[in-house]
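Here is the structure we will look at, set down as structure tokens.
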Amino acid sequence: MRRLGTPAARPLPEAPPAPPETGLEKLLLFPEKIASLAGSGAVPDPLYPVSVELSLTNRCNLGCVYCSDAAIRGRPDRLDHGALKRLFGDLAAGGARGVVFEGGGEPLLSGGFARAAEDCLAAGLSAGLITNGLLLFSGGAPAGLLRRFQWIRVSLDASTAAQYRALKGADGFGRALANIGALCRLGPPGPAVGAGYVLTSLNDDPRPLRELAARLRDMGADYLQIRPVVDHPELESRRDPDRDLAPALAGLDGPTFNVNLAPLRENLPAGNLGLPCRAHSLSAVICADGRVFVCGRLNSDPDFPPMGVVGPAPGDGFGDVWRGDARAAQSALLLDPGYCAARCPRCRMTKYNRLLAGLARIKTPDFI
């Protein structure tokens, strides 16, 4: 019998779920950038991007049927050590936070991957990696280096070995999964480890997808990010994320693991919802030949040629490109809602633009 005045025992609250590492909430980490974006008119946001997407090579060891970069295979890789070292110093001095080594091609096929990553980290930048995972822990990507990355995401894109062969043209499913497990064993501390999953009509069966998510969770991965296929409408899945996938994946989220279905909803609208694209300056794209693009989704549009080229010589630094006339002209196009509505394809930046547009309409900015 409980004595009077003694509070009844309350159950301990459940631990909060793992945050979505690719979610909209991350904007809160960059208040100065948000303020600069929200205040931008026709003048481009002057602050450096939060992070830069960097391709070291255009070569790839897979042939994914949905690849958006297949047309650039065979283009030369021209970013040498001097150009990269200068780039990292420029980015760090300008206030950028991180560099994502990604495609283009498969980053670990670049003979200079390890040296580039070391130079990036030495400059004080954080490093991320998007890889197909097949070459992890080989000579160019030793465990000691990978452990120092802030995050590594393996583009798995299949729930079974048969799906992997059909989508990627190789028998690499087992090796990619084994290397994800090895990445998970690097910490703590170690990188946040995730698996990327481009949802298509060839890999959207909910049952094996749930089995894969549970396997990733049990091996210690941080998240599974599921996003829609782009640029290949013939491969689009008809699965509804709320009706078909969310119930199948229910119960897998927890304090250390997240199944992120949000991109299936957020990345689908074309035309940027008829909003101005202020969020384009959150990132910039640097190709393996040194060309810098304002947008990774419009880099094949004739209105968006390279803003410039980075290299080792004076006058071809990232800051020169970022402050240049070409960027100002392209940013002006992207700040025109009518232009975005007519030209923008599906894009992950749309969710940020929706948030920024909502902030601009708030009538009580001095109150919570």
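Computed from a predicted model, the values in this text were never measured in an experiment. Side chains are part of it too, since the values below use all heavy atoms of this structure and drop only hydrogens, waters and symmetry mates.
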Does Q330 reach the main-chain N or O of P305 with its side chain, forming a donor-acceptor pair under 3.5 Å? yes

Any donor and acceptor pair, going by atom type alone, linking the side chain of N353 with main-chain N or O of A279 inside 3.5 Å? yes

Without swapping roles, check the side chain of R210 against the backbone of A250 for a donor-acceptor pair under 3.5 Å. yes

Verdict with supporting geometry, K33 and D45, salt bridge (charged side-chain N to carboxylate O under 4.0 Å, His left out): CA-CA 9 Å; K33 189 70 173 177; D45 162 37; 2.4 Å; yes

Surrounding CZ of R343 (heavy atoms of other residues, nucleotides or ligands, distance under 6.0 Å), is the total greater than 12? yes

Is it true that the side chains of E106 and T131 contain a donor and an acceptor less than 3.5 Å apart? yes

Assess whether a salt bridge exists between E118 and R148, defined as any Lys/Arg side-chain N lying under 4.0 Å from an Asp/Glu carboxylate O. yes

Pair D204, D244 - check side chain to side chain contact (heavy atoms under 4.5 Å, CB included), show working. CA-CA 10 Å; D204 62 354; D244 300 322; over 6 Å; no

Flag if over 12 foreign heavy atoms under 6.0 Å of CG, D325: no

F137 with V154, same ILVMFWY side-chain cluster at under 4.5 Å: yes

Is a side-chain N or O of Y48 found less than 3.5 angstrom from the main chain of W322, in a donor-acceptor match? no

Should we say atom CZ of R239 is surrounded by more than 12 heavy atoms from elsewhere, each under 6.0 Å from it? yes

For R265, does the CZ atom sit with more than 12 other heavy atoms under 6.0 Å from it, leaving out its own atoms? yes

Salt-bridge test for D289 and R75: reply yes if a basic N is under 4.0 Å from a carboxylate O, no otherwise. no

Minimum heavy-atom distance M307-F293, with the two atoms named: CE-C, 3.7 Å

For the residue pair N61 and N132, confirm or rule out a side-chain donor-acceptor distance under 3.5 Å. yes

Using every non-hydrogen atom in the two residues, find where A96 and L125 come nearest and quote the distance to one decimal. O-CD2, 3.4 Å

Check for a donor-acceptor pair, side chain of D231 on one end and backbone N or O of S68 on the other, with a separation under 3.5 Å. no

Could you tell me whether a side-chain N or O of R297 sits under 3.5 Å from a main-chain N or O of R346, the two making a donor and an acceptor? yes

Any chance you could measure L282, atom CG, to F30, atom CZ, to the nearest 0.5 Å? 8.5 Å

So do the side chains of D222 and W151 get within less than 4.5 Å of each other, counting heavy atoms only? no

Parallel, tilted or perpendicular: which describes the rings of F113 and F149, with under 30° parallel and over 60° perpendicular? parallel

Whether over 12 other heavy atoms sit under 6.0 Å from R97 CZ: no

Taking everything shown except E234 itself, do over 12 heavy atoms lie less than 6.0 Å from its CD? yes

Co-membership, hydrophobic cluster, residues L136 and L224, 4.5 Å side-chain: yes

